[in-house]
Each structure stands twice: as C-alpha cells, then as structure tokens.
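Since the structure comes first, as structure tokens, the remarks are kept for the end.
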Amino acid sequence: MRLLHLLTVLSPSEFIENEMTHYKLIYFDARGFGELARQLFHLAGVPFEDVRISFEELMPGKQSAYWLELKEKTPFGRLPVLSIDGFELGQSSAIHRYLAKKFGYSGKTPEEEAWADAIVDQFKDYMESFRLFIYAQREGKSVEEVKTIHDKKYVPAKNQFLEAIDKILKTNKTGYLVGNGLTWADLVVADHLFTLRNI
C-alpha cells in the first residue's frame, strides 16, 4: 500500500540552526503528542533538551511536587510545552507547525503550507474517533460498548482518512503528500501509521 511509503521518506534536512538558540521540549516519557517535535529536531540536526515526565509522577494521589509545580506553570496546564530561549509555546499542533516552518518542513510556497495544514487538520478530525476507541478500552467499558465504538465510529473514520491520504499520494505522484519534498504532514501521517501497526 502506498501509505507505507511514508515510513521511508524521513531523509535528513539540510537546515542549519543557530547554535545559540536553546530548545527545551517538555512532555511525558512516551511518543504521543511529543514525538513529531522530536522527529523534526532530529531531521533538522538541531540539538534540544528532551525533558520527559515519568508516568509514576502522574499517578493520582502520588503526583510529584515537580509535576504539580510544572503543570501550574505551563501555558494551558498541559503538555507538551516547547521552550525557545525561555519563550514557552503550548499545544502540540502549534509547536509542530512552528518547528516545521522554522526548519523548512512546512512547504515551499504559501499554497503548500496551506495544503500541509489542511491535511493535518483533517488528521485531527479523524483522531477524535481514534481517541474515542482508545479511551473506551482504557476506561474499562464493556466489550459490547468498545466493539460498537470500534465498528461504528473508529473504523469508518479511519477508512475515510486513509482513503483520502491514498488519493492525495496518487494525485501528487512524488511520494510525498505535499509538493516534491518532505513536510510535517508526511511526518504526522507516518507517525500515526507506526502507531496503528503497534497497537
């Protein structure tokens, strides 16, 4: 399937970042909403401080003082947070879009940038059904309830999204979703395909 080609397009970037800039990414010790930012840093060859909060520090009743204090200081009370020389940016999509633009993975023209954004927005719409399915399992819903969410909400949304991505790849004919080079839209989809293969 052409979609799996996305997993092989993560080529190194020629972007050279000002070595004086200090980046610090704060997220949990998991891939989740922090992995795309990590990938962008590695692709660009830009060093960053990768701060990971362990899940033991988040357990109800056992939350660490460090986590509680950190949470209070974040822009929106949640992670990830990206610190750029002390300027703190919250929300994963804003972080990813910022890094993609900074490192040259947002698209080569305003139109390509807009198309990459549109693909990511469509992905976020699909992810609502994916989260419903995952949370239903984690929250201990009955087998029947989980199956209903899986069959009626998640699978149709997944198929619709993957068909749209496949159509975009066939139309573009470059192996990339946008233009003739790697963008953060490719990374978003490739990272999720990796997740689907490992759940």
Side-chain angles (χ1 to χ4, degrees), residues 1 3-4 6-7 10 25-41 50-83 88-100 116-168 177 184-199:
M1 192 174 184
L3 288 168
L4 295 181
L6 287 173
L7 296 172
L10 307 182
L25 178 68
I26 307 172
Y27 190 59
F28 307 115
D29 190 15
R31 289 172 57 247
F33 294 111
E35 191 64 17
L36 186 64
R38 295 176 186 131
Q39 290 178 11
L40 285 164
F41 278 118
D50 190 4
V51 178
R52 304 193 184 208
I53 310 300
S54 70
F55 288 106
E56 287 76 11
E57 296 184 76
L58 310 175
M59 294 177 64
K62 298 182 180 179
Q63 294 179 330
S64 70
Y66 171 73
W67 162 240
L68 292 174
E69 182 180 353
L70 176 64
K71 182 179 180 181
E72 187 67 25
K73 292 180 179 178
T74 62
F76 303 110
R78 60 192 302 176
L79 300 179
V81 169
L82 176 66
S83 175
E88 293 195 341
L89 179 62
Q91 289 293 343
S92 57
S93 289
I95 291 170
H96 300 153
R97 188 178 291 108
Y98 168 83
L99 292 176
D117 287 350
I119 292 170
V120 173
D121 284 344
Q122 185 63 31
F123 170 76
K124 289 164 63 178
D125 288 346
Y126 148 66
M127 280 297 290
E128 291 300 318
S129 64
F130 179 72
R131 289 193 195 97
L132 278 177
F133 172 53
I134 296 299
Y135 290 158
Q137 293 177 306
R138 292 178 180 175
E139 293 169 359
K141 291 187 181 295
S142 68
V143 174
E144 292 76 13
E145 288 179 293
V146 172
K147 187 176 188 308
T148 297
I149 293 173
H150 177 272
D151 295 347
K152 301 294 185 180
K153 296 195 176 287
Y154 167 60
V155 170
K158 180 185 75 170
N159 290 341
Q160 182 182 36
F161 176 71
L162 294 182
E163 286 169 8
I165 294 300
D166 202 38
K167 181 179 179 181
I168 292 170
L177 289 170
W184 72 301
D186 294 293
L187 298 179
V188 166
V189 175
D191 185 65
H192 186 63
L193 289 177
F194 178 85
T195 297
L196 291 181
R197 292 178 65 178
N198 290 276
I199 60 172

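Just so you know, these numbers come straight off a predicted model, no measurement behind them.
In this structure, CG in Asp191 is found 10.0 Å from CZ in Arg38, a value given to the nearest 0.5 Å. From Leu187, atom CG reaches atom NE2 of His192 across 14.5 Å, with rounding to the nearest 0.5 Å. Rounding to the nearest 0.5 Å places CG of Asp166 at 11.5 Å from CG of Asn159. Residue Leu89 holds its CG atom at 10.0 Å from OG of Ser83, rounded to the nearest 0.5 Å. Here Ser92 contributes atom OG and Arg97 contributes atom CZ; the two are 9.5 Å apart, rounded to the nearest 0.5 Å. Here the CG-CG distance, from Leu193 to Leu162, works out to 6.5 Å after rounding to the nearest 0.5 Å.
Nearest heavy atom pair, residue Pro80 against residue Leu25, reads CB-CD1, 4.3 Å. Shortest non-hydrogen contact noted between Leu99 and Ala37 is CD1-CB, 3.8 Å. The two atoms that bring Leu36 and Val188 nearest to each other are CD2-CG2, 3.4 Å, heavy atoms only. Nearest approach of Tyr126 to Lys158, heavy atoms of both residues: CE1-CA, 3.4 Å. Closest heavy-atom contact between Phe161 and Ile119: CE1-O, 4.5 Å. For His96 against Leu40, the heavy-atom pair with the smallest separation is O-CD1, 3.8 Å.
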Can you give me every donor-acceptor pair (side chain of residues 65-79, partner residue at least two apart or in another chain, under 3.5 Å) with its distance?
unit_1	atom_1	unit_2	atom_2	d
Glu69	OE2	Lys73	NZ	3.1
Thr74	OG1	Lys71	O	2.8
Thr74	OG1	Gly77	N	2.8
Thr74	OG1	Arg78	N	3.2

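In this view, Glu88 satisfies the salt bridge (charged side-chain N to carboxylate O under 4.0 Å, His left out) rule with no residue, not counting sequence neighbours. Every residue was checked against the ring pair (Phe, Tyr, Trp, His ring centres under 6.0 Å) condition with Tyr27, not counting sequence neighbours, and none meets it. Remark: Glu57 engages Ser54, Ser64 in a side chain to side chain donor-acceptor pair (under 3.5 Å) (not counting sequence neighbours). Under the rule for a salt bridge (charged side-chain N to carboxylate O under 4.0 Å, His left out), Lys167 has no partner lying at least two apart in sequence or in another chain. For Phe33, there are no ring pair (Phe, Tyr, Trp, His ring centres under 6.0 Å) partners two or more places apart in sequence or in a different chain.
Counting heavy atoms of neighbouring residues, nucleotides and ligands inside a 6.0 Å radius, atom CD of Gln63 exceeds 12 of them.
For Lys147 and Glu144, the salt-bridge test fails: no basic side-chain N is under 4.0 Å from an acidic carboxylate O.
Side-chain contact check for Glu145 and Thr148: no donor-acceptor pair (N or O, by modelled atom type) lies under 3.5 Å.
No option in Phe123, Tyr154, Tyr135 other than Tyr154 meets the ring pair (Phe, Tyr, Trp, His ring centres under 6.0 Å) test with Phe130.
The closest side-chain heavy-atom distance from Arg31 to Thr195 is below 4.5 Å. By the 4.5 Å heavy-atom criterion applied to side chains, Val189 and Leu177 are counted as neighbours.
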